[in-house]
Trainee: 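To start, I am sharing the structure in question, which I have written as structure tokens.
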Amino acid sequence: MNNIIVAIDGPAGSGKSTIAKIIAKKFNFTYIDTGAMYRMITLYLLENNIDFDDLKEIEKILNTVNLDMQGDKFYLNNIDVTTKIREKRINENVSKVASIKIVRSNLVDLQRKVSNNKNVILDGRDVGTVIFPNAQVKIFLIASSEERARRRYNEFLEKKTEITYEEVLKSIKERDHIDSTRDESPFVKANDAIELDSTNLTIDDVVNFISKEIEKVK
Ligand code: CDP
């Protein structure tokens with residue numbers, strides 16, 4: 001039997017990672033958070049003062065840096081960066097880093113490699129269009145920008161980050177814009193993806209919908 005690939009693409013705050021984690025557990029699939037990989041590279045570049053234009057240096061780093069995911073934890077060169085990669089400064093810079101061609105090609109290779117020979121659910125921006133155009137289930141998960149900002153703002157409140165709702169809204173709109181207008185694999189819906197608007201849906205609603213789609217291909 002072929003391995004099953006479930007692709008969940010969507011903008012910030014659409015609920016991708018929450019849903020993907022639940023589905024992964026329910027079906028015993030491996031969950032791969034592709035955005036976390038872009039976040040880890042962004043963190044490395046910021047912490048080492050590497051200019052986003054310095055492609056030579058970035059290429060060197062891509063070939064030497066070690067990105068690892070274990071359960072809910074993310075390790076950059078064996079250091080736990082799970083909390084750091086969700087900080088405001090990463091949100092503000094990650095879309096710029098994710099527009100760099102060599103960063104994308106390197107991470108797409110890694111994403112395919114870690115998915116090999118497994119049933120997987122991946123979330124990101126280009127899973128159904130670029131990483132796995134042949135994925136058996138493709139969901140394009142959206143929600144209004146106000147609802148997405150509200151969800152992100154609540155996450156920041158829980159972490160006691162000083163930020164206003166307006167700042168969060170502005171930041172996700174900026175990221176949406178950069179992600180969907182970049183030259184390299186822009187964030188677009190795959191032709192064969194099912195669009196699901198989660199603005200007025202509960203987590204359970206979304207999980208049930210996607211579960212039914214997975215049952216169809218199992
Ligand atoms: O959780 P949230 O949607 O805020 O972001 P994420 O999935 O962690 O992705 C962070 C950023 O990485 C996105 O805004 C994109 O710029 C980039 N990204 C990408 O270009 N391609 C992916 N497959 C995943 C993320």
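Order of appearance sets the numbers: ligands from 1, and atoms from 1 within every ligand.
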Trainee: Show the atoms of ligand 1 that are less than 4.0 angstrom away from any heavy atom in A98.
Mentor: 16 (O), 17 (C), 20 (O)
Trainee: Under 4.0 Å, heavy-atom basis, I'd like to know which part of D126 is in contact with ligand 1: side chain, backbone, both or neither.
Mentor: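 For D126, backbone and side-chain atoms both sit under 4.0 Å from ligand 1.
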Trainee: Please work out, at 4.0 Å between heavy atoms, whether the side chain, the backbone, both, or neither of R175 comes within that distance of ligand 1.
Mentor: side chain
Trainee: Do S95 and D179 meet the criterion of a side-chain donor-acceptor pair at a distance under 3.5 Å?
Mentor: yes
Trainee: Indicate whether any N or O donor in one side chain lies under 3.5 Å from an N or O acceptor in the other, for N208 and S211.
Mentor: no
Trainee: If I apply the N/O under 3.5 Å rule, does K16 come out as touching ligand 1?
Mentor: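 Yes, K16 has an N/O under 3.5 Å of an N/O on ligand 1.
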Trainee: So, is D123 polar-close to ligand 1, with some N/O to N/O distance under 3.5 Å?
Mentor: no
Trainee: Taking I23 as the starting point, is it possible to reach I142 by hopping between hydrophobic residues whose side chains are less than 4.5 Å apart?
Mentor: no
Trainee: Give me the nearest non-hydrogen protein atom to atom 7 (O) of ligand 1 as residue plus atom name, then the distance to 0.1 Å.
Mentor: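 Nearest neighbour among protein heavy atoms for atom 7 (O) of ligand 1, to 0.1 Å: R125 NH1, 3.2 Å.
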Trainee: Is R104 in contact with ligand 1, taking contact as a heavy-atom separation below 4.0 Å?
Mentor: yes
Trainee: Side chains of R151 and S198: is there a donor and an acceptor less than 3.5 Å apart?
Mentor: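 R151 vs S198: donor-acceptor pair found between side chains.
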Trainee: Who's the nearest protein heavy-atom neighbour of atom 5 (O) of ligand 1, and how far?
Mentor: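 Going atom by atom, the protein heavy atom closest to atom 5 (O) of ligand 1 ends up being R39 NH2, 3.3 Å.
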Trainee: Ion pair present between K60 and E57, side-chain N to carboxylate O less than 4.0 angstrom?
Mentor: yes
Trainee: At a 4.0 Å threshold, what atoms of ligand 1 neighbour a non-hydrogen atom of R152?
Mentor: 1 (O), 2 (P), 4 (O)
Trainee: So which protein heavy atom does atom 25 (C) of ligand 1 come closest to, and at what separation?
Mentor: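 Looking only at protein heavy atoms, the one closest to atom 25 (C) of ligand 1 is G35 CA, 3.5 Å.
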Trainee: How far is atom 24 (C) of ligand 1 from the closest protein heavy atom, and which atom is that?
Mentor: T34 OG1, 3.3 Å
Trainee: Any idea which part of M37 is under 4.0 Å from ligand 1, heavy-atom wise: side chain, backbone, both or neither?
Mentor: neither
Trainee: Side-chain heavy atoms under 4.5 angstrom apart, residues restricted to Ile, Leu, Val, Met, Phe, Trp, Tyr: same cluster for M69 and Y38?
Mentor: yes
Trainee: Does the gap between the ring centers of F156 and Y165 come in under 6.0 Å?
Mentor: no
Trainee: Could you tell me if D109 and Q111 have a donor-acceptor pair between their side chains, going purely by distance under 3.5 Å?
Mentor: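 There is no such pair between these side chains.
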Trainee: Give yes or no for whether the N/O distance cutoff of 3.5 Å, strictly under, is met between D179 and ligand 1.
Mentor: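 Right, the criterion is met.
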Trainee: Using the rule given for side-chain contact (heavy atoms from CB on, under 4.5 Å), can you reason through K138 versus I194, listing the C-alpha separation, both sets of side-chain angles and the distance that settles it, and then say yes or no?
Mentor: CA-CA 6 Å; K138 290 188 190 180; I194 304 172; over 6 Å; no
